[in-house]
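Below is one structure, written out as structure tokens; comments come after it.
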Amino acid sequence: MHQVRPPAVAVAFYPGRSQTLLHDVLAMLAAAKPGAASADAAASAPKALIVPHAGYIYSGATAAQAYAQLASMRQKIRRVVLLGPVHRVPVRGLALPGADFFATPLGEIEIDQDAVAAIRPLSQVVVSPAAHAQEHSLEVQLPFLQLALDDFKLLPLAVGDATPAEVAQVLEALWGGDETVIVISSDLSHFLPYATAQAMDSSTVQAVLQLVPTLNHQQACGATPVNGLLLAARHHHLQPHLLGLCNSGDTAGDKGRVVGYAALAFTPAERHAH
């Protein structure tokens, strides 16, 4: 059995040619290497990241700021638990793809069947190939992961109608140790004027930094998985750090209607203290 979920949004969201994609992602990661400004965040490898999921010309540089934090862990990380909101197919709960591999122009990534087995008994976990088939929130993260890490398996979940507690329970089952990193894919506000978006996104980021798990979908399209992560982060005493915040008006769009993007890393508090 070798069921592959092929790329659905290559060309539309990121380069479809492998050489161009490789070049562009490596350039974004190089430009985002943790500098002096984020030395405190870089001192401890993140357990979890929040990254945006628009087209690379809009949010790729912001996403790269998060993925660059994984450099020190690239050989240790063996499992990536990737959660993103559904945009096209409604789902009750958190949907597994029912595939064995996810493909990008850079190659195939194996789905972690041990992780699938670990969460399959949970009532909020379903299997929906349809929810994954055209979903960009997960796919756009894959080339970054392929180039930021060495050898890893993927557990991708398309998150629909679920409570923060249901998301947190799934994360808990997959938490693991240093070999596991959690990535939550979410943009912030959508289609507001530039100044309005800046104000709203700033307050949203403050809520995340204070681990307040009550975001709504006006604040973040991935509010459901983000809230679940915030619950789990509180339980595990993770410390959030803001790495980057901007919107499409800063990158490749006009300022009349913008989408907000943030990159955040969550590091273990006890490690951070040393």
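Just so it is clear, the model here is predicted, and its values are computed rather than measured.
The cluster map of Ile, Leu, Val, Met, Phe, Trp and Tyr, joined by side-chain heavy atoms under 4.5 Å apart, puts Leu192 and Tyr194 in different clusters. Hydrophobic clustering of Ile, Leu, Val, Met, Phe, Trp and Tyr side chains at less than 4.5 Å, counting indirect connections, unites Leu245 with Leu264. Linking ILVMFWY residues whenever their side-chain heavy atoms come closer than 4.5 Å, directly or via other members, places Ile109 and Val9 in the same cluster. Ile184 is connected to Phe152 through a chain of hydrophobic side-chain contacts under 4.5 Å among Ile, Leu, Val, Met, Phe, Trp and Tyr, so both are in one cluster. Val212 and Leu231 are members of different hydrophobic clusters when ILVMFWY side chains are connected at heavy-atom separations under 4.5 Å.
One N or O on the side chain of Lys47 and one on the backbone of Trp175 form a donor-acceptor pair closer than 3.5 Å. Proximity of a side-chain donor or acceptor of Ser59 to a complementary backbone N or O of Ala54 within less than 3.5 Å is detected. Checking side-chain atoms of Asp187 against main-chain N and O of Pro52 turns up no donor-acceptor pair under 3.5 Å. In terms of modelled atom types and a separation under 3.5 Å, the side chain of Glu139 and the main chain of Ala8 share a donor-acceptor contact.
If you look at Phe266 and His236, their ring centroids are not closer than 6.0 Å. Between Tyr56 and Phe144, the distance from one ring center to the other falls under 6.0 angstrom.
Here the side chains of His2 and Phe101 are in contact, with some heavy-atom distance below 4.5 Å. Side chains of His241 and Gln69 form no contact here, defined as non-hydrogen atoms less than 4.5 Å apart. Residues Val127 and Arg120 form a side-chain contact, since some pair of their non-hydrogen atoms from C-beta on lies under 4.5 Å apart. A 4.5 Å side-chain heavy-atom check between Tyr14 and Asp24 finds every atom pair outside the cut-off. Using a 4.5 Å cut-off on side-chain heavy atoms (C-beta onward), Ile111 and Asp100 make no contact. At a threshold of 4.5 Å between non-hydrogen side-chain atoms, the residues Leu96 and Ile119 count as touching. Two residues are said to be in side-chain contact when any heavy atoms from C-beta on lie closer than 4.5 Å; Met200 and Thr196 fail this criterion. Using a 4.5 Å heavy-atom threshold, the side chains of His87 and Cys221 count as touching.
Between the CG atom of Leu70 and the CG atom of Leu49 there is a distance of 5.0 Å, given to the nearest 0.5 Å. Note that the CE atom of Met28 and the OG1 atom of Thr62 stand 10.0 Å from one another [nearest 0.5 Å]. With rounding to the nearest 0.5 angstrom, the CG atom of Leu145 is 11.0 Å from the CZ atom of Arg74. Distance NE2/His237 to CG/Leu211: 11.0 Å, rounded to 0.5 Å. Note that CG of Asp178 is 4.5 Å distant from CE of Met73, once rounded to the nearest 0.5 Å. Here the CG atom belonging to Leu149 is positioned 5.0 Å from the CD1 atom belonging to Ile77, to the nearest 0.5 angstrom.
Ser72 and Ala45 get closest at one heavy-atom pair: OG-CB, 4.0 Å. Between Gly84 and Leu138, the shortest heavy-atom distance links the atoms N-CD2, 3.2 Å. Minimum heavy-atom separation, Thr224 to Ala162: CG2-O, 3.3 Å. Between Ser248 and Val258 the shortest heavy-atom distance is OG-CA, 3.3 Å. Nearest heavy atom pair, residue Val51 against residue Ala63, reads CG1-O, 4.2 Å. A pairwise comparison of heavy atoms in Thr251 and Cys246 identifies CG2-SG, 4.1 Å as the closest pair.
Note on ring orientation: taking the six-membered ring where Trp is involved, the planes of Phe102 and His132 are perpendicular (angle over 60°, cut-offs 30° and 60°).
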Side chain to side chain contact (heavy atoms under 4.5 Å, CB included) assessment of Val205 paired with Val208: CA-CA 5 Å; Val205 165; Val208 173; 5.5 Å; no

Evaluate Val226 against Gln219 for side chain to side chain contact (heavy atoms under 4.5 Å, CB included), listing each step before the verdict. CA-CA 11 Å; Val226 170; Gln219 293 171 290; over 6 Å; no

Working for side chain to side chain contact (heavy atoms under 4.5 Å, CB included), residues Leu188 and Asn247: CA-CA 9 Å; Leu188 300 183; Asn247 64 51; over 6 Å; no

Test side chain to side chain contact (heavy atoms under 4.5 Å, CB included) on Leu229 and Val167 and set out the steps. CA-CA 7 Å; Leu229 171 64; Val167 174; over 6 Å; no

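Put simply, the residue from Leu83, Thr180, Leu157 that forms a side-chain contact (heavy atoms from CB on, under 4.5 Å) with Leu171 is Leu83.
Atom NE2 of His23 has 12 or fewer neighbouring heavy atoms from other residues, nucleotides or ligands inside a 6.0 Å radius.
Between Lys153 and Glu110 there is a salt bridge, since at least one side-chain N of the basic residue sits less than 4.0 Å from a carboxylate O of the acidic one. Between Glu166 and Arg92 there is a salt bridge, since a side-chain N of the basic residue sits under 4.0 Å from a carboxylate O of the acidic one.
Checking Tyr261 against Asp201 by side-chain atom types alone, no donor-acceptor pair falls below 3.5 Å.
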